[in-house]
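Below is one structure, written out as C-alpha cells; comments come after it.
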Amino acid sequence: RQDIQVYLRVHAHLKNKPSDQMTFILENLDKKYDNFEVIPPESPVSTYNLMMNASLVVTFGSTTGIEAPYHRVPSLLLGHALYE
C-alpha cells in the first residue's frame with residue numbers, strides 16, 4: 001500500500017556482521033519499493049525517535065518491542081523474546 005511508509009531499522013549489533021539476509025535486504029527490498037526504507041545498523045538515526053513517531057512497531061525479539069507499548073505505540077512481535 002502506497003499510503004504506508006515502512007522503515008526497517010537494522011539492529012546496531014549487526015554493524016560488523018555481514019549476512020546473506022542483510023545483502024538481500026539492501027540489494028532488493030530497499031530499492032524495490034518507494035515506501036520501504038532500510039536504515040542500516042551504522043546509521044545515526046534514533047530507533048527511539050522512529051518508535052515514538054510510529055503507528056506500529058514490528059520486532060523480531062528486540063527490546064524495542066516491549067518499550068513501544070510502554071510509550072503507547074502498538075507492538076507486533078514476530079519472533080521469540082523473553083517478554084512474549
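- Between H11 and S62 the shortest heavy-atom distance is CD2-OG, 4.3 Å.
- Residues L8 and Y33 share a hydrophobic cluster, clusters being chains of Ile/Leu/Val/Met/Phe/Trp/Tyr side chains in contact below 4.5 Å.
- Of all the heavy atoms in G65 and S75, the pair that sits closest is O-OG, 2.7 Å.
- The cluster map of Ile, Leu, Val, Met, Phe, Trp and Tyr, joined by side-chain heavy atoms under 4.5 Å apart, puts V6 and V58 in different clusters.
- Cluster membership for M52 and Y70, using ILVMFWY side-chain heavy atoms within less than 4.5 angstrom, is not shared.
- Between the R9 side chain and the P40 main chain, a donor and an acceptor come within less than 3.5 Å of each other.
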Next item on the list: Using the side-chain contact (heavy atoms from CB on, under 4.5 Å) rule, take V57 and T64 through it: C-alpha gap first, then chi angles, then the decisive distance, then the call.
Entry: CA-CA 8 Å; V57 170; T64 304; 4.1 Å; yes
Checklist line | From CA spacing to verdict: side-chain contact (heavy atoms from CB on, under 4.5 Å), V10, V38 | finding: CA-CA 7 Å; V10 181; V38 176; 4.1 Å; yes
Note to self: Please determine whether side-chain contact (heavy atoms from CB on, under 4.5 Å) holds for the pair L50 and I39, giving the CA-CA distance in whole Å, both sets of side-chain angles, and the decisive distance to 0.1 Å.
What the structure shows: CA-CA 11 Å; L50 285 170; I39 302 170; 3.5 Å; yes
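- Of the possible donor and acceptor atoms, one in the side chain of Q5 sits under 3.5 Å from a partner among the backbone N and O of N35.
- Of all heavy-atom pairs between A54 and V73, the closest is O-CG1, 3.7 Å.
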Checklist line | From CA spacing to verdict: side-chain contact (heavy atoms from CB on, under 4.5 Å), Y48, E67 | finding: CA-CA 9 Å; Y48 293 97; E67 292 171 295; 3.1 Å; yes
